[in-house]
Q: 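Got a structure for you, written out below as structure tokens; questions coming shortly.
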Amino acid sequence: MNGSAQAFIAHLGGLHEHDPAAIAALRRSQGFAPGAYPPAYPYVERFVRAGSHAQDPRRLAFYVVAGLFARHPHPAPRSLAASFGELFEKRRRTSGGGGSIEKRFIALLGADAENLPDYLRQAVSLLATEDIGLDYTALLRDLGFWLNPRLDPEIRDRIRQRWARDFYGALAFEPEHSAVSQ
């Protein structure tokens with residue numbers, strides 16, 4: 001899927017540059033179940049594998065990512081989780097907080113396939129407030145697995161663990177001060 005994923009993200013970038021009506025349709029599609037908003041079909045279906053059924057996880061992933069990209073068309077070379085970690089760190093430095101960002105991230109990690117698009121929409125909206133981009137190609141790949149209800153749960157757990165490593169790896173290390181270490 002990597003070649004088609006990259007072509008799809010490039011296609012979305014072209015739509016962002018030249019077709020605001022298409023981007024608006026993709027943004028509106030987020031109010032519906034993935035793949036259930038007919039005005040979005042012309043922009044997504046050509047990238048879906050021929051013969052895919054309506055609930056094919058990869059097809060759904062294309063629709064989820066199309067809506068997210070339309071909401072925040074800012075691709076960047078870091079994962080969603082690393083970008084969210086950057087947001088957490090930025091909020092922690094500027095306002096002394098950030099705990100709500102971490103709680104949202106943990107809720108995202110715990111989301112099931114049915115609720116995941118809603119959690120992702122919230123996450124990407126938060127990233128947009130600080131203009132922090134993300135790697136949509138990698139997200140598309142991960143969602144193709146995560147949205148598969150027949151997938152071995154261990155594979156989904158590996159994705160969650162990688163996302164957790166990316167999130168916490170993006171945070172600045174601050175050793176804790178302790179009386180024991182003196």
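Below, each value reflects all heavy atoms present in this structure, side chains not excepted, and no hydrogens, waters or symmetry copies. Being a predicted model, the structure only gives us computed values, none of them experimental.
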Q: Rounded to the nearest 0.5 Å, how far does CG of L116 lie from CG of L109?
A: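 So the gap between those two atoms works out to 10.0 Å.
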Q: Looking only at heavy atoms, what is the nearest atom pair of H72 and L134, with distance?
A: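 Taking H72 first and L134 second, the nearest heavy atoms are CD2-CD2, 4.4 Å.
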Q: Would the distance check show the side chain of H74 and the main-chain N or O of A128 forming a donor-acceptor pair, the cut-off being under 3.5 Å?
A: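 No; zero donor-acceptor contacts below 3.5 Å.
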Q: Among W146, F84, Y168, whose side chain to side chain contact (heavy atoms under 4.5 Å, CB included) with W163 holds?
A: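 By the side chain to side chain contact (heavy atoms under 4.5 Å, CB included) criterion, W163 pairs with just one of W146, F84, Y168: W146.
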Q: Got P117 and Q30 here, is their nearest side-chain heavy-atom distance under 4.5 Å?
A: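 In short, these two side chains do not touch, never coming nearer than 4.5 Å.
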Q: Calculate, to the nearest 0.5 Å, the distance between atoms CZ and CZ belonging to R121 and R27 respectively.
A: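 Going from CZ on R121 over to CZ on R27, the span is 13.0 Å.
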Q: Roughly how far, to the nearest 0.5 Å, is the CG atom of L60 from the OG atom of S52?
A: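 It comes to 9.5 Å.
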Q: I need the minimum non-hydrogen distance between L151 and R156, along with the two atoms involved.
A: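 What the structure gives for the nearest pair is CB-NH2, 3.7 Å.
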Q: Kindly give the heavy-atom pair with the smallest separation between S4 and F47, and that separation in Å.
A: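 Closest approach of S4 to F47: O-CD2, 4.2 Å.
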Q: Rounded to the nearest 0.5 Å, what's the gap from CD on E130 to CZ on R91? Could you check?
A: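 Reported to 0.5 Å precision, the distance equals 5.0 Å.
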Q: Are the side chains of V65 and L143 in contact, using a 4.5 Å heavy-atom criterion?
A: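 The answer is yes; the side chains approach within 4.5 Å.
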Q: What are the two closest non-hydrogen atoms of L147 and A113, and how far apart are they?
A: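 Minimum heavy-atom contact is CD2-O, 3.6 Å.
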Q: Is L127 reachable from Y119 through a run of I, L, V, M, F, W or Y residues, each pair having side-chain heavy atoms under 4.5 Å apart?
A: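 Yes, same cluster.
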Q: Within the distance-only criterion (no hydrogens, no angle test), does the side chain of Y136 pair as donor or acceptor with the backbone N or O of Q6 below 3.5 angstrom?
A: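 Such a contact is absent between Y136 side chain and Q6 backbone.
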Q: Measure from the side-chain N and O atoms of S83 to the backbone N and O of G133, and report whether any donor-acceptor pair falls under 3.5 Å.
A: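 Yes; judged by distance alone, with no hydrogens or angles, the pair exists.
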Q: Considering non-hydrogen atoms only, spot the tightest contact between L12 and A66 and give its length.
A: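 Closest approach of L12 to A66, heavy atoms only: CD1-CA, 3.9 Å.
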Q: Taking all heavy atoms of A70 and all of I23, pick out the closest pair and write down the distance.
A: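 Smallest heavy-atom distance, with atoms named: CB-O, 3.4 Å.
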Q: Please state whether the rings of F8 and F62 are parallel, tilted or perpendicular, taking 30° and 60° as the class boundaries.
A: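 Perpendicular.
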Q: Look up atom CD in E89 and atom OG1 in T94, then write down how far apart they are to the nearest 0.5 Å.
A: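 So the gap between those two atoms works out to 10.0 Å.
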Q: Report whether I159 and L139 are members of the same hydrophobic cluster (ILVMFWY, side-chain heavy atoms less than 4.5 Å apart, transitive linking).
A: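 Same cluster: I159 reaches L139 through Ile, Leu, Val, Met, Phe, Trp or Tyr contacts under 4.5 Å.
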Q: Give the C-alpha distance, both sets of side-chain angles, the deciding distance and a yes or no for side chain to side chain contact (heavy atoms under 4.5 Å, CB included) between L68 and L120.
A: CA-CA 8 Å; L68 295 173; L120 288 170; 3.9 Å; yes
Q: Does the R59 side chain pair with the main chain of G35, one donor and one acceptor, at a distance under 3.5 Å?
A: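 Side chain of R59 to backbone of G35: a pair is present.
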Q: Centroid-to-centroid, F105 to F88, below 6.0 Å?
A: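 Centroid separation for F105 and F88: 6.0 Å or greater.
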Q: Got R78 and I132 here, is their nearest side-chain heavy-atom distance under 4.5 Å?
A: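 In short, these two side chains touch, coming nearer than 4.5 Å.
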Q: So do the side chains of L108 and L80 get within less than 4.5 Å of each other, counting heavy atoms only?
A: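 L108 vs L80: side chains touch.
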Q: Is R141 close to T137 at the side-chain level, that is, under 4.5 Å between some pair of heavy atoms?
A: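 No, too far: nothing below the 4.5 Å cut-off.
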Q: Atom NZ in K90, atom CD1 in I101: separation rounded to 0.5 Å?
A: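 It is 11.5 Å, given to the nearest 0.5 Å.
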Q: Less than 4.5 Å apart, side chain to side chain, heavy atoms only: is that true for P75 and F69?
A: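 Side-chain contact under 4.5 Å: yes.
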